[in-house]
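Before any comments, here is the structure.
Every number for a ligand or one of its atoms is a count from 1 in the order of the listing.
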Amino acid sequence: MRSCEVSSLPRKMFAHLLKEVIRAGICTACGACVSACFVNSITIADDTPKLAGPCLRCGFCYNSCPQTGGDEIYGMLFGESKPGPLGVFTKAYKARAVDPVIRERGQDGGVVTALLKYALEEKVLDAVIVAGTSREEPWRPFAKVALTAKEVIDAAGTKYTPPYMASAIWDAVYCYGAEKVGVVGTPCVVRGVRRMQHSPESALKLGSRVKLVVGLFCMESFDYSKLAKLLEESSVSLSEVTKFDIKKGKFIAYRGSEEVFSRPVSEMKEYVRGSCKACTDFTSELADISVGSVGTKAGFSTVLVRTEVGSRLFARAVEAGCIEAVELGKLTSVEKLAEMKKSKHGGH
Ligand SMILES: Cc1cc2nc3c(=O)[nH]c(=O)nc-3n(C[C@H](O)[C@H](O)[C@H](O)COP(=O)(O)OP(=O)(O)OC[C@H]3O[C@@H](n4cnc5c(N)ncnc54)[C@H](O)[C@@H]3O)c2cc1C
C-alpha cells in the first residue's frame with residue numbers, strides 16, 4: 001500500500017471522475033489518475049481507467065486529471081507573462097539530433113530522443129517515461145520507464161494513439177526508485193503531470209519527483225481499436241508498418257519507404273478520441289520544452305524552450321554536441337495551427 005496522509009475533508013473522488021470525465025467521454029487517457037492513486041486501486045482496462053480496489057476518497061485522482069482543472073498552473077509556471085497562441089516561450093529553434101542513428105529512428109529530427117538520452121547519460125534524470133510498443137500488439141503504445149540510452153532510442157517515433165504516459169510515474173518512483181523522472185507527452189499528459197506537481201490536492205509527493213516535462217505538438221490523437229480496424233479493412237497489417245506520420249493533411253502509414261495507407265485527416269474524424277475534440281492546446285503550453293514537426297523542413301524538429309529547466313537542459317545538450325540548433329525567427333505555420341485548434345475547439 002502506498003503511504004500518504006489523507007485529509008478528512010469531503011472532496012471529489014474517483015466516483016466524480018467516472019461521472020464527469022470517463023463516462024462523459026472526455027478522458028484523455030493521460031494516466032495521471034492511475035499514478036496518483038496511492039492505494040493502487042485504479043487500473044486501465046479496455047482502454048479506460050477503472051476502480052479495481054478500494055477508494056479512500058483522497059481525491060488525488062480527480063485533482064490530477066487534466067479535464068477537471070489546471071488553468072491556474074499557467075500563472076504558477078510563467079507568472080504574469082501573457083501567453084500568445086503558442087503559450088509562453090523564451091526561444092524557438094530548428095533542431096535535430098547529431099547522432100545519425102537517432103536521426104534515422106526519430107520521428108522528425110530526433111530531438112526528443114537525443115535530449116532524453118543526454119539527460120539520462122548526464123544523470124540530470126535517472127528515469128524517463130517514453131512510449132514503448134510490444135510485439136504482441138504492434139503499435140499499441142504503453143508507458144515505458146526507460147533507464148538506458150538504448151531503451152530511449154528503441155522508443156523513438158510517434159505513436160498516434162495514447163499510451164497513458166503518466167501512469168508510469170508511480171512505477172518509475174516506487175518500482176525503480178527514481179528520484180528524477182522525465183516525462184514525454186501530448187498536451188493533455190503535460191497538463192495532468194503539471195497538476196500532479198502543483199495542484200494542492202493532487203499527488204504532490206509523487207509529482208515532486210518529476211524534474212522534466214517534454215511536450216509534443218498535437219492536433220489530435222486516435223483511438224487504437226478503431227485505427228487498427230481501419231487498417232485491417234484496408235488490408236494493412238500493423239506488424240508491417242514501420243512508421244506513421246501526418247504530412248500535408250494526410251495520415252500516412254509506411255512500410256520502409258513505401259506508403260501502404262494514406263487518407264486525408266479530414267476524413268478521419270470518427271477515429272479521433274473524444275477528449276481531443278475539446279482541447280485547445282496545440283503546442284503543450286505547460287511543458288518545460290515543446291517539440292513538433294510543423295514549422296521546420298523534413299528531418300528537423302521545431303523546439304520551443306519555455307522554462308528555466310528546459311532552457312538549461314537544451315543548451316547543455318547543444319553545447320555537448322548532441323543536438324544541433326539554429327534559432328528560428330518566424331513561427332507562422334505553427335501559430336496558424338495553434339490558432340486553428342483554439343478557435344475550432346473553444347476555450348479550455
Ligand atoms: C498523438 C500525436 C500527435 C501529433 N501531432 C502533431 C501535429 O499535428 N503537428 C506536429 O507538428 N507535431 C505533432 N506531433 C509531434 C511529432 O509527431 C513528433 O513527436 C515531434 O516532432 C518530435 O519529433 P522527434 O523526432 O524530436 O521525436 P523522437 O525523437 O522520435 O521522440 C518522440 C518521443 O515521443 C514519445 N512518444 C511517441 N508517441 C507518443 C505518444 N502518443 N504520447 C507520448 N509520447 C509519445 C516517444 O516514445 C519518444 O520518446 C504529434 C505527436 C503525437 C504523439
Side-chain angles (χ1 to χ4, degrees), residues 28-31 86 93-97 99 101-120 128-133 139-146 149 151-168 182-190 192-193 212-224 227 243-252 265 268 271-273 275-276 279 281-284 287 289-296 298-304 314 317 322-323 325 331 333-334 336-338 340-341:
T28 65
C30 75
L86 308 184
Y93 297 93
K94 165 184 156 187
R96 65 177 179 178
D99 182 340
V101 174
I102 298 181
R103 282 217 300 250
E104 170 70 26
R105 302 283 290 272
Q107 183 73 15
D108 295 305
V111 168
V112 176
T113 300
L115 192 69
L116 296 179
K117 176 175 175 282
Y118 174 78
L120 275 184
V128 293
I129 299 170
V130 290
T133 47
W139 288 101
R140 185 195 276 280
F142 68 96
K144 180 179 171 57
V145 180
E151 287 173 322
V152 174
I153 295 171
D154 284 348
T158 299
K159 291 89 187 176
Y160 284 94
T161 62
Y164 290 89
M165 292 304 273
S167 68
V183 186
V184 190
T186 45
C188 47
V189 173
V190 170
V193 174
L212 177 75
V213 183
V214 179
L216 303 173
F217 293 5
C218 179
M219 190 53 84
E220 61 225 336
S221 75
F222 300 94
D223 179 277
Y224 178 85
L227 195 60
K243 182 172 181 169
F244 285 101
D245 208 350
I246 295 181
K247 273 213 169 89
K248 297 189 176 143
K250 286 191 176 154
F251 181 83
I252 305 167
V265 180
M268 302 235 348
Y271 308 97
V272 172
R273 287 186 59 87
S275 57
C276 302
C279 176
D281 181 354
F282 176 62
T283 59
S284 288
I289 182 162
S290 299
V291 187
S293 161
V294 67
T296 43
F300 287 84
S301 308
T302 302
V303 178
L304 302 176
F314 189 72
C322 298
I323 291 173
L331 289 160
S333 50
V334 194
K336 206 170 133 194
L337 286 177
M340 194 173 99
K341 192 168 179 183

| remark: Filtering Tyr160, Tyr164, Phe217 for the heavy atom nearest atom 15 (C) of ligand 1 leaves Phe217
| Leu216 heavy atoms, cut-off 4.0 Å: which ligand 1 atoms fall inside? | 19 (O), 34 (O), 44 (N), 45 (C), 53 (C)
| Nearest-neighbour protein heavy atom for atom 34 (O) of ligand 1, which is reported as residue plus atom name and distance | Val184 CG1, 3.6 Å
| Which one of Ser293, Ser221, Ala338, Gly182 has a non-hydrogen atom at the shortest distance from atom 1 (C) of ligand 1? | Ser221
| message | Which residue and atom name correspond to the protein heavy atom nearest atom 37 (C) of ligand 1, and how close is it? | response | Gly157 O, 3.1 Å
| note | Per side-chain contact (heavy atoms from CB on, under 4.5 Å), Val294 is matched among Asp108, Val334, Thr283 by Val334
| Distance from atom 17 (O) of ligand 1 to nearest protein heavy atom, with residue and atom | Thr158 OG1, 2.7 Å
| task | From the options Gly110, Cys218, Cys30, Cys188, select the one whose nearest heavy atom is closest to atom 3 (C) of ligand 1. | result | Cys218
| message | Show the atoms of ligand 1 that are less than 4.0 angstrom away from any heavy atom in Glu220. | response | 1 (C), 3 (C)
| said: Pairs of nitrogen or oxygen atoms closer than 3.5 Å, one from Met165 and one from ligand 1: do any exist? | reply: no
| request: In plain terms, say whether Arg105 and Asp154 are close enough for a salt bridge, that is, a side-chain N and a carboxylate O under 4.0 Å apart. | output: yes
| field | Minimum-distance protein heavy atom relative to atom 46 (C) of ligand 1 | value | Ala155 O, 3.1 Å
| field | Side chain Lys341, main chain Asp281, donor-acceptor under 3.5 Å | value | yes
| message | Is it the case that the side chain of Arg273 and the backbone of Ser221 share a donor-acceptor pair, with hydrogens and angles ignored and the cut-off at 3.5 Å? | response | no
| Any N/O pair Gly185/ligand 1 closer than 3.5 Å | no
| request: Would you mind finding which of Pro162, Gly292, Pro163, Ser301 brings a heavy atom closest to atom 40 (C) of ligand 1? | output: Pro163
| task | Measure the distance from atom 23 (O) of ligand 1 to every protein heavy atom, then report the residue, atom name and distance (to 0.1 Å) of the closest one. | result | Asp108 OD2, 3.6 Å
| For Met219, atoms of ligand 1 separated by under 4.0 Å from a heavy atom | 5 (N), 8 (O)
| request: List the closest protein heavy-atom neighbour of atom 29 (O) of ligand 1: residue, atom name, distance to the nearest 0.1 Å. | output: Thr113 OG1, 2.6 Å
| Any donor and acceptor pair, going by atom type alone, linking the side chain of Lys159 with main-chain N or O of Ala131 inside 3.5 Å? | yes
| query | What is the closest protein heavy atom to atom 7 (C) of ligand 1, and at what distance does it sit? | reply | Phe282 CE1, 3.8 Å
| Which ligand 1 atoms, with their elements, are less than 4.0 angstrom from a heavy-atom of Val130? | 47 (O), 49 (O)
| remark: Counting from 1 in the order shown, the ligand 1 atoms closer than 4.0 Å to a non-hydrogen atom of Val111 are 24 (P), 26 (O)
| Full working for side chain to side chain contact (heavy atoms under 4.5 Å, CB included) between Val265 and Glu220 | CA-CA 10 Å; Val265 180; Glu220 61 225 336; 3.0 Å; yes
| task | Examine distances only and state if a side-chain atom of Ser290 and a backbone atom of Leu304 form a donor-acceptor pair shorter than 3.5 Å. | result | no
| field | Centroid-centroid distance, Tyr271 to Phe251, less than 6.0 Å | value | no
| said: Only heavy atoms of Gly109, strictly under 4.0 Å: list the atoms of ligand 1 that pass. | reply: 25 (O)
| Atom indices of ligand 1, in the order listed, that fall short of 4.0 Å to a heavy atom of Thr161 | 41 (N)
| query | Applying the ring-ring contact (aromatic ring centres under 6.0 Å, His included) test to Phe244, which of Trp139, Tyr224, Phe222 qualifies? | reply | Trp139
| note | From the list Thr302, Val291, Leu86, side-chain contact (heavy atoms from CB on, under 4.5 Å) with Phe217 holds only for Thr302
| request: Please say whether more than 12 non-hydrogen atoms of neighbouring residues, nucleotides or ligands are located less than 6.0 Å from NZ in Lys336. | output: no
| With a cut-off of 4.0 Å, which atoms of ligand 1 are near a heavy atom of Val291? | 20 (C), 22 (C), 26 (O)
| field | Protein residue, atom and distance nearest to atom 38 (N) of ligand 1, heavy-atom basis | value | Lys159 N, 3.0 Å
